[in-house]
Protein chains: 2
Amino acid sequence: MKLSTTSQYAIRVMIFISQNSDIKIFHAKEISEKLSIPYKYLTKIMSKLVEANIITSTRGREGGYSIAKKSVNIKMIDLVKAVDDSLHDTTCVLGIGLCNENKKCALHDEWREPKESMLNMFCNTTLKDVSEEAS
Amino acid sequence: MKLSTTSQYAIRVMIFISQNSDIKIFHAKEISEKLSIPYKYLTKIMSKLVEANIITSTRGREGGYSIAKKSVNIKMIDLVKAVDDSLHDTTCVLGIGLCNENKKCALHDEWREPKESMLNMFCNTTLKDVSEEAS
DNA sequence: TTTTAATTCTATATTAAAGTAGTAATTAAA
DNA sequence: TTTAATTACTACTTTAATATAGAATTAAAA
């Protein structure tokens, strides 16, 4: 019961970028080393974030990645959706295709609250929220 | 963000058995067909439920599986723990090894409520609860 | 006692996610 | 204009979960 590694990486990368707003451009190598994410795996994820207009990239020498919009306008759910949408199949906890209010799986009612709590968290939490917290 | 297929199967099997209390012994073939779970995969899961004392098995002709205790005494969490404990790594949503109250990951506080809601559901819901519900 | 129907054990195959490798394209500095 | 530093693209490899196969074991019925 966890986010995909890909989603976890995407979130960690964006928090890192957001927390270092003094840096204007980030290189894949740098992010990879700082966050211990395999370089080639990271660049694949970055491309997805670029495609989703969360990150802008500059190619060539002196190029790199930078954040495309204010962190207050980036929700956690956006990050997950951009890379693999691993939250999408949280719909039915028993993985039953046809499970909805009319035709409920056995755990449907019990699962409602945890599911909503989880989805609400991802929908209502912004990158700014989590980047500002102390540790 | 979902339970493993193995856990989903285990839960569905136990609900099926619990909801058909008129049947005293279940055969792998029968369960497999009724729930569309691959036969050989199912028998592996059944063995784990047997090992966890949730199911008792009788070998040989006229053998089969039956429930080992009252459904009110079987919690959802027991089923998941018996087969692969895929709930265990719900601990840190960002998959960071060292994440706890003292050394929090960036999403730690936001994740607390969804996580607890989910764990509470699995810990407080019994097989009886979910087997009695209509659909 | 043999046969049959069941679970159990061990090994193998398939699939999807995670991770790696190499080359192409781009761009600024030298 | 060449070189160096960067991202982008395409293909491959590895790993873990899922799924399958076959033989061994068990025990009741015939």
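Here is the naming used below: chain letters follow the sequence lines, and residue numbers restart at 1 for every chain. FYI, side chains are in, hydrogens and waters are out, and symmetry mates aren't considered; it's all heavy atoms of this structure.
A salt bridge is absent between B/K104 and B/E110: the closest approach of a Lys/Arg side-chain nitrogen to an acidic carboxylate oxygen does not fall below 4.0 angstrom.
Pair assignment for C/dA30: D/dT1, on the basis of Watson-Crick or G-U wobble contacts that are both within less than 3.5 Å.
For A/R59 against D/dT6, a side-chain-to-base donor-acceptor contact under 3.5 Å is absent.
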When the side chains of residues 6-14 of chain A are checked against the rest of the protein, which donor-acceptor pairs come out under 3.5 Å, sequence neighbours left out?
residue	atom	partner	partner atom	Å
A/T6	OG1	A/Y41	OH	2.6
A/S7	OG	A/S4	OG	3.2
A/S7	OG	A/D84	OD1	2.8
A/S7	OG	A/S86	OG	3.1
A/Q8	NE2	A/L3	O	3.4
A/R12	NH2	A/L35	O	2.8

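When DNA chain C is scanned in the 5' to 3' direction for atoms under 4.0 Å from non-hydrogen atoms of chain A, the outermost contacting nucleotides are C/dA18 to C/dA29.
Using modelled atom types and a 3.5 Å distance limit, the side chains of B/S117 and B/N120 yield no donor-acceptor pair.
Between the P atom of D/dA8 and the CD1 atom of A/I45 lies a distance of 14 Å, rounded to the nearest Å. Rounded to whole angstrom, the span from the CD atom of A/E30 across to the P atom of D/dA5 amounts to 16 Å. Distance CD1 (B/I25) to P (D/dA28): 11 Å, rounded to an integer number of Å.
Map B/T58 and A/F26 each onto its nearest nucleotide of DNA chain D; the residue landing nearer the 5' end is A/F26.
Residue B/Y39 is in base contact, counting any heavy-atom pair closer than 4.0 Å across all strands shown.
At least one side-chain heavy atom of A/I31 sits less than 4.5 Å from a side-chain heavy atom of A/M46. Looking at B/E30 and B/I23, their side chains come closer than 4.5 Å, going by heavy atoms from C-beta outward. Here the side chains of A/N124 and A/M121 are not in contact, with every heavy-atom distance at 4.5 Å or above.
Residue A/S47 places at least one side-chain N or O closer than 4.0 Å to OP1 or OP2 of D/dA8.
Residues satisfying the side chain to side chain contact (heavy atoms under 4.5 Å, CB included) test with B/K40, not counting sequence neighbours, are none. Every residue two or more places apart in sequence or in another chain that forms a salt bridge (charged side-chain N to carboxylate O under 4.0 Å, His left out) with A/E33 is listed here: A/K29.
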Checklist entry - Quick one: what's the B/S/- string for nucleotides 11-19 of chain D, heavy-atom cutoff under 4.0 Å, read 5' to 3'? => result B------SB
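Applying the side-chain hydrogen bond (donor to acceptor under 3.5 Å, both in side chains) definition to pairs two or more places apart or across chains, those involving residues 45-58 of chain B are B/T56-B/S66.
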